[in-house]
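Worksheet for the structure shown next.
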Amino acid sequence: MNPNTQTFPVLFALQEIVASIQNNPVTILDSPPGSGKTTALPIELLRSHVNGNKKICILEPRRIAAKNAATRISQSIGENVGETVGYRVRFDTKTSRNTKIEFVTDGILTKLLLFDPELSDYGLLIFDEFHERRLESDLCFALARKSQEIFRKDLKILIMSATLEGQNFSKIGISNPPIQVPTETHPLEIFYMGDSQKNPIQRFSDLIPKAVEQTTGDILVFLSGKKEILDLKKQLEEHPIIRQTSNILPLFGDMSLSDQEQVFYPNKYGKKKIIIATNLAESSVTIPGVRVVFDSGYFKHTVFDADSGITHLVRDRISLSSAKQRAGRAAREGKGYVYKLWSKEEEANFFDRTKPEILEGDLDRLVLEVKAFGEEIDSLPFLDPPNKGSLVLSMERLQLLGCLDSKYQLTNLGKLTLRFPLPVRFGCVISRLPKEKETIIADIVSILGKEPSGTDTKEFPQSITSRSFSPELKKVYDQILGIFKGEGESIGVNPNKQREFYFCQGFPDRIGKRKEKDGKEYKLSNGKIGTFNTNLLNLPEYIIALDTISFGPTLYITQYIPINLELINESLLSLIHSKQSPEIWKNQREEPYLVVKEERILGELILESKELHKPNSIAIQNAFEVYLENLDWEMEWKKKEDLYQYYRRVLFLVQNGVLDINVSIDHLKSNVKDWFFPFLNFESQKFALSNLPFLEAFKSYVGYENQTILHKEAPPYLQVPTGSQIPIQYQGNEPELHVKLQELFGLKNLPKLANGKVKLLVHLLSPARRPVQITKDLESFWNHGYHEVKKELKGRYPKHPWPDKPWEAIPTKHLNHNKRS
């Protein structure tokens, strides 16, 4: 029996794991922290030959975890790293011909899959810390599953995690249940400290010195970002107890790998370690000696606004699974203590798990990588497919950048962009650079090295050199420069362009124009409004918004390059289109007339707008068509009573099947050139709008042969017995007649309209012209309702006639003593 089985619980399940790998394309291992799944299991799997005499590739989401796992295993078998077990991470590789187990990060594995979709050197692919659900890791998993389906039935996949709750593998065809590894855990005391809204830096400054005095073992503190970590480090270093007893070690993503690794080594002076970390320390290889964890309960992550193409750095609550992972760090080697800066009641509202990055991250690079693999997004078995709306916006943006063609296929620029381990738009800038412009690479690396921590705005420096870079950033610069100078194509041909020319081409959706003179707000070509948080003087009219940050709906521009209109025209000419549009002006008599404005537009940004001084008739027609399209016709026609009443009469007969013509507003708008334009004279350069011949044109559209039908079946008025011509109102569903009651004496029947289909609805009015009865049956009213009305109104209006027999009375519109009409 291997002695490792006495130490690592995961190896008690070794036979079950091996059998599952042999019998299933995908095996799922649910194994607690500290059970040995990362450092003990891989070498045993190699000895079990489940990899089919090929190499084992292990994906670790983080560089520090990949490097330290390889180191730990190598030490356990008495070898140096790079012999049987090696690693490949960015800027550092330790492998040899004899390497059988390779730890890699997701960026490296993506390159392997794109270069060799069959993964022909590997027999087993292991996804460690699967719960982190990084976007690139999800892509690697989907591509590997596709490789299994198309090329490699013998390729085996093992998924490992300590927290797999909520992961639905069955929906992508993985039906075998996870292998559970039980383990005895060390005691863990959890203290809920409450008051989560208080400043965590100040609280930790008070709590940590006490923990240093009262507990054994090292301390691990979780904060959300680099700035908080450095602020706490500064405060703790001022505390006398901390200075005497402890060594403070920050841990965050853009530190050099060698600095990150210090957290794994004991202090040479025997001091206690206080590790202040982001969630980088949440699920990497066990950090020896940690017995106390302080957790702020927050983390920072990027959220991508697919609509604007802008990534925002957001501080959010951690999930329950993250809280569990963080707490577990304290009890991997013995009894642990966890201090949570929130209440138990608050924890009840935490999400179960962190949202997969693919659901809210930048999809641009993923789209290009999938197309380079030879597939489409919807053909890949993603555990959580990306949002379709975000995907469409991403493909449109890639088309705008030139990485996809009109049919959304990968272009040469798109292929070149993928060579650079950078956000897509920066890869586009570099891929367009001629060899003489390599100094611009330093500018790009400088932007990448900036962590947005506030809303202060800075103009991007005119020139940057690599001499000012940190060691880690210098590695990025050297790598990008090496790729740029290396063998391969370049589409950059014109060395005479200035730096801003190339940035414009990488940021065509971030061109901004100041909204008001001396204002701070800029309209961007992606449609968003960006603002400056500080009162900068002499802001340019046009900018490139290189970097932004948002708090709620406000988008702050934090880094920009000033540009001018000539540069925009030069660099983005193919993306700028011209449009003629109407604008309404008024003459001295306040009469409106139409002028033609010519606009040059980039995305949703109007770069220039000016009056077309001598527009021809076609330009005026086009502008007038746009004007009519945006006009509220019903509101406009209501202003002209004769036009509106005529339209309602026609609509009434159409609705009742008497006339067979289409008079919907939408139809009239879409065919305006056919029925309305012949009645207009477009030769005038100042096209008047006050007396447009709508009525004349609409009558012509209805047709001469229909006028007789219209007059008979939907007359504009009704001549009542007194001889008065009372207008018929056609606004509602039933035509209405509003008439004084006395004018209808002697009339028993009302006319029917629309070929006898519709009865006229009569509103009978009092002498004060207030309605007293509404009816369609006048004879019934005279016989019944009239006498009630008479009883009520005769005393009020004694000078008006109220005969006992209204059907025999003489109609009148006058008083009793006046001459009868």
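Ion pair Lys324/Glu347 not flagged as a salt bridge, since none of the NZ, NE, NH1 or NH2 atoms sits closer than 4.0 Å to an Asp/Glu carboxylate oxygen. Salt-bridge formation is not detected for the pair Glu129/Arg62: no Lys NZ or Arg NE/NH1/NH2 atom is positioned less than 4.0 Å from an Asp or Glu carboxylate oxygen. Ion pairing of Lys474 with Asp478 is present here, as a side-chain N (NZ or NE/NH1/NH2) and a carboxylate O approach within less than 4.0 Å. Under a 4.0 Å N-O distance rule, the pair Glu60/Lys67 does not qualify as a salt bridge.
Between the side chains of His131 and Gln325, a donor-acceptor pair is found at a separation under 3.5 Å. Donor-acceptor pairing under 3.5 Å is recorded for the side chains of Asp92 and Tyr87. Side-chain contact annotation: Glu79 with Thr84, donor-acceptor N/O pair under 3.5 Å present. Residues Arg145 and Gln148 have side chains that bring a donor and an acceptor to within less than 3.5 angstrom of each other. For the residue pair Thr93 and Thr95, no side-chain donor N or O sits within less than 3.5 Å of a side-chain acceptor on the partner. In this model, no donor atom of one side chain and acceptor atom of the other lie less than 3.5 Å apart for Ser170 and Ser175.
Enclosure of atom CD in Gln15 is not indicated, since only 12 or fewer non-hydrogen atoms of other residues, nucleotides or ligands lie within 6.0 angstrom. More than 12 heavy atoms of other residues, nucleotides or ligands lie within 6.0 Å of CZ in Phe151, so this atom counts as buried by the packing criterion. Shown here is Lys344, whose NZ atom has no more than 12 heavy atoms of other residues, nucleotides or ligands within 6.0 Å. No more than 12 heavy atoms of other residues, nucleotides or ligands lie within 6.0 Å of CG in Asn53, so this atom counts as exposed by the packing criterion.
For an aromatic pair to be called close, the ring centres must be under 6.0 Å apart, and Phe420 with Phe484 fails this.
For Asp378, there are no side-chain hydrogen bond (donor to acceptor under 3.5 Å, both in side chains) partners, not counting sequence neighbours.
In terms of modelled atom types and a separation under 3.5 Å, the side chain of Arg329 and the main chain of Leu220 share no donor-acceptor contact.
When every heavy atom of Thr417 is checked against every heavy atom of Cys403, the shortest pair comes out as OG1-SG, 4.1 Å. Contact record, Ser296 with Ser224: OG-N, 4.4 Å, taken as the closest heavy-atom pair. The two atoms that bring Leu236 and Ile242 nearest to each other are O-CB, 3.4 Å, heavy atoms only. Taking both residues in full, the closest heavy atoms of Tyr122 and Leu155 are given as O-CD1, 3.7 Å, listed atom of the first, atom of the second, then distance. Across Asp128 and Lys37, no two heavy atoms sit closer than the pair OD1-CE, 4.1 Å.
For the side-chain contact (heavy atoms from CB on, under 4.5 Å) with Leu46, the qualifying choice from Asn51, Ile73, Leu124, Val85 is Asn51, the only one to do so.
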After noting the C-alpha distance and the side-chain angles of Phe141 and Phe130, does the key distance pass the ring-ring contact (aromatic ring centres under 6.0 Å, His included) rule? CA-CA 10 Å; Phe141 179 66; Phe130 189 83; 5.4 Å; yes
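A cation-pi contact links Arg317 to Tyr298, judged by a cut-off of 6.0 Å to the six-membered ring centre and 45° from its axis.
Ring geometry, Phe191 versus Tyr339: the interplanar angle falls under 30°, so the pair is classed parallel (tilted spans 30 to 60°).
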